[in-house]
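Convention: sequence-line order gives letters A, B, ...; per-chain numbering from 1.
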Amino acid sequence: MSLEKQIEDRKRKLKELKVKGIEPYPHKYELTARASEIKQGSEDFQNKQVRIAGRVLSVRKHGKTTFSNILDDVDIQIYLRKDTLGDKYDIFELFDIGDFVGVVGKVFKTRTGEITVLVEDFTLLSKSLRPLPEKWHGLKDIEARYRQRYIDLIANPVVKETFFTRNNVIRIMRDFLNEHGFVEVETPILQPLYGGATARPFTTYHNVLNKELYLRIADELYLKRLIIGGFNKVYEFGKDFRNEGVDRFHNPEFTQLEAYQSYADYFDIMELLEEMFEHLSLEIKGGLSLEYQGNEINFKRPWKRIKFFDALLQKTECNFKNKSFDEIKSKAEELNIVVDEGITKGKLYDIIFSKLVQQDCIQPTIVYDYPVEISPLAKRKEKEPGVAERFEPIICGLELGNAFSELNDPIEQRRRFEEQGRLRDLGDEEAHLLDEDFLTALEYGMPPTGGFGLGIDRIAMIFTNSPSIRDVILFPQLR
RNA sequence: GGGCCGUUAGCUCAGUUGGCAGAGCACCGGAUUUUUAAUCCGGGAGUCGCAGGUUCGACUCCUGCACGGCCCA
């Protein structure tokens with residue numbers, strides 16, 4: 001039957017129910033148990049009366065008896081008999097798969113041992129007008145799963161598990177930081193000037209203020225202002241927005257955790273992150289290892305640590321440190337890396353690194369001491385010109401975040417911004433903007449500080465063994 | 001931006017060399033008092049992603065477009 005006819009038929013049943021004086025959309029229903037409690041503690045519930053509710057998933061009718069499964073937090077079988085329900089039994093004829101039903105009845109075990117509620121009374125809680133996907137193939141069409149995630153959640157129970165795990169990741173990290181004396185804050189998403197990352201922004205407009213605003217690409221510069229203001233340890237979970245392509249690892253809006261700790265440097269941050277990931281793995285997986293897309297990952301401290309230029313040296317037998325742009329470019333071409341016209345030295349480093357090194361970092365790896373050209377907010381390394389105190393944690397070839405000893409010298413920071421300005425003039429649209437207000441704040445003095453940003457979606461991918469970022473975002477961006 | 005693959009009933013999928021549009025589930029009618037992918041009998045359900053082209057004839061071949069996926073940039 002066509003979809004239209006099926007909807008018509010359900011509306012017909014809706015009318016019939018109303019004619020019989022049944023309200024199809026009542027306001028509430030008192031529960032005494034959840035399906036999961038009944039199933040787990042079945043002995044305690046045996047022969048006890050319960051009130052439960054859920055969405056009808058399947059109906060097996062045998063004349064004067066009917067079995068049905070309803071989906072609460074888990075699904076549970078209910079059993080209706082004409083001899084217990086009398087005339088009311090026939091009302092169930094007007095129920096469809098997808099309807100919400102409330103049930104009063106006694107818990108028992110069927111012949112085959114399945115925990116079941118023998119229905120003594122039932123109530124329509126919400127009439128569904130559209131048919132659900134079929135029961136055992138579920139909903140497979142990837143586009144439909146993303147566009148109509150609510151159906152995906154009903155049809156594919158594993159999806160709910162993924163998002164419970166995502167929730168756990170965030171909760172455990174938040175608890176961890178709270179226990180380590182960090183204070184959670186909220187900073188502006190609408191910013192007059194965007195900064196803190198190398199990316200293009202989304203632009204919007206405030207009518208009353210009559211000015212352009214940007215959706216933040218990072219929280220960094222505001223959190224540092226709070227360090228300047230005297231917060232010793234701060235963090236923020238929030239959405240950042242980057243106006244770039246959409247693929248398996250990128251969604252234009254994504255969740256980031258940023259944290260800053262005063263009097264710390266990037267080595268302290270490395271240890272903090274290692275500890276946090278160990279803790280996360282223990283809490284979620286019950287151990288230090290997990291499988292991600294066929295790779296066995298172990299979070300045990302200390303992680304492998306390798307310097308940016310040493311990693312490149314190992315791969316290419318070429319020392320890229322302190323080389324001129326032309327030297328790096330010709331070496332890249334030698335390595336069959338396509339170099340776009342007008343690329344900057346920093347971008348070139350970035351491409352070579354992600355092509356040659358990042359892919360192969362399967363176990364948790366800390367790559368540190370990045371080229372200063374691509375680290376405009378990180379402190380320069382003492383006695384090592386060209387290198388900044390910056391690291392990235394990489395797992396399964398996935399860049400999970402970014403961390404520095406934060407640059408707190410206002411004069412040096414101004415020079416770095418000015419250098420970014422030159423790159424912008426040469427056409428690099430992702431170069432950082434000079435933020436005069438931030439420089440003013442720095443001029444008041446920022447203590448030595450270590451900080452990090454972590455991509456929460458990617459971490460959720462790893463802990464849920466999801467191949468695509470869209471699997472861990474409830475409503476991912478589609479065209 | 002480029003390459004490859006996909007789009008057929010509400011869902012999951014077949015569709016042969018270009019020759020009547022198919023199945024299972026779901027749905028509708030009937031039988032059925034412990035089923036669980038219930039079973040049995042009967043039924044109807046389609047803008048074959050969209051727009052062109054080739055052809056006597058297109059789900060099928062060609063071109064363009066849209067949406068999605070993977071890979072590359």
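- Of the N and O atoms on the side chains of A:Tyr79 and A:Arg81, at least one donor lies less than 3.5 Å from an acceptor on the other residue.
- Candidate nucleotides B:G29, B:U33, B:G10 were compared by shortest atom distance to the side chain of A:Glu134, and B:G10 ranks first.
- B:A26 and B:G18: their P atoms are spaced 36 Å apart (whole Å).
- Across every strand in view, B:C48 sits unpaired, with no contact that passes the Watson-Crick or G-U test at under 3.5 angstrom.
- Side-chain atoms of A:Asp72 come within 3.5 Å of backbone N or O of A:Ala35 as a donor-acceptor pair.
- Among the heavy atoms of the strands, none lies under 4.0 Å from A:Asn69.
- Distance check on atom C1': B:G3 versus B:U17 gives 29 Å, rounded to whole Å.
- Summarising the geometry, the separation between CD1 on A:Ile154 and P on B:G10 is reported as 18 Å, rounded to the nearest angstrom.
- Between A:Ser58 and A:Gln77, the residue anchored closer to the 5' end of RNA chain B is A:Gln77, taking for each the nucleotide with the nearest heavy atom.
- Side-chain atoms of A:Thr65 stay outside donor-acceptor range of the base of B:U34, with no qualifying N/O pair under 3.5 Å.
- Straight-line distance from the OH atom of A:Tyr89 to the C1' atom of B:U34: 12 Å, rounded to whole Å.
- Distances shorter than 4.0 Å separate some side-chain N or O of A:Arg60 from OP1 or OP2 on B:A38.
- The side chain of A:Leu139 lies closest to B:U12, out of B:C28, B:A26, B:U12.
- Side-chain N/O atoms of A:Arg470 include none lying less than 4.0 angstrom from OP1 or OP2 on B:G68.
- The partner of B:U39 is B:A31, by the rule that a Watson-Crick or G-U pair needs both atom distances under 3.5 Å.
- Between A:Arg479 and B:G68 there is a side-chain N or O to OP1 or OP2 distance below 4.0 Å.
- Between the side chains of A:Asp240 and A:Gln256, at least one donor N or O lies within less than 3.5 Å of an accepting N or O.
- B:C4 is paired with B:G69 under the Watson-Crick or G-U wobble criterion, all donor-acceptor distances under 3.5 Å.
- Within 4.0 Å (heavy atoms only), A:Phe108 reaches at least one base atom of the nucleic acid.
- Residue A:Lys140 has no polar side-chain atom (N or O) positioned under 4.0 Å from OP1 or OP2 of B:G69.
- Look at the C1' atom in both B:A66 and B:U32: the space between them is 50 Å, to the nearest Å.
- To the nearest angstrom, P of B:U32 lies 6 Å from NZ of A:Lys64.
- We find that CD of A:Glu114 is positioned 11 Å from P of B:A38, with the value rounded to whole Å.
- Separating the CD atom of A:Glu143 from the P atom of B:A66 is a distance of 14 Å, rounded to the nearest angstrom.
- For A:Gln6, counting side-chain heavy atoms from C-beta on, the closest listed nucleotide (B:C11, B:C27, B:A38) is B:C27.
- In this structure, A:Arg111 atom CZ and B:A38 atom P are separated by 17 Å, rounded to whole Å.
- Classified by interplanar angle (parallel below 30°, tilted 30° to 60°, perpendicular above 60°), the ring pair A:Phe241/A:Phe202 is perpendicular.
- Nucleotides B:U16 and B:U60 have their C1' atoms positioned 11 Å apart, rounded to a whole Å.
- Taking atom C1' in both B:G22 and B:A38, one finds a spacing of 25 Å when rounded to whole Å.
- Counting any heavy atom pair closer than 4.0 Å across all strands shown, A:Arg10 reaches no nucleic acid atom.
- Annotation: side chain of A:Arg390 is not in contact with side chain of A:Asp369 (no heavy-atom distance under 4.5 Å).
- One P atom belongs to B:C61, the other to B:U7, and the distance between them is 11 Å to the nearest Å.
- For A:Phe463 and A:Phe299, the distance between ring centers is under 6.0 angstrom.
- In this structure B:G10 sits in a base pair with B:C25, meeting the Watson-Crick or G-U test at under 3.5 Å.
- Among the protein residues, A:Ile7 comes within range of no part of the nucleic acid, since none of its heavy atoms lies under 4.0 Å from any strand.
- Picking from B:G10, B:G68, B:A38 the nucleotide with the shortest atom distance to the side chain of A:Leu478 gives B:G68.
- Across B:U35, B:C71, B:A45, the shortest atom-to-atom separation from the side chain of A:Arg248 is found for B:C71.
- Of the P atoms belonging to B:G46 and B:A9, the separation is 11 Å, rounded to the nearest Å.
- Distance alone, capped at 3.5 Å, is enough to place a donor-acceptor pair between the A:Arg149 side chain and the A:Ile473 backbone.
- Side-chain N/O atoms of A:Lys135 include one lying less than 4.0 angstrom from OP1 or OP2 on B:A26.
- Taking side-chain N and O atoms only, A:Lys355 has a distance below 4.0 Å to OP1 or OP2 of B:A73.
- Atom NE2 in A:His62 sits roughly 16 Å away from atom C1' in B:G30 (whole-Å rounding).
- What separates CG of A:Leu3 from P of B:U47 is a distance of 11 Å, to the nearest Å.
- When each of A:Ser2 and A:Gly138 is assigned the nucleotide of RNA chain B bearing its nearest heavy atom, the one mapping closer to the 5' terminus is A:Gly138.
- In the set B:C11, B:C70, B:C27, B:C70 carries the atom at the smallest distance from any side-chain atom of A:Ser468.
- Using bins of under 30°, 30° to 60° and over 60° for the plane-to-plane angle, the ring pair A:Phe320/A:Tyr349 lands in the perpendicular bin.
- As rounded to the nearest Å, B:G64 and B:C56 have P atoms that lie 24 Å from one another.
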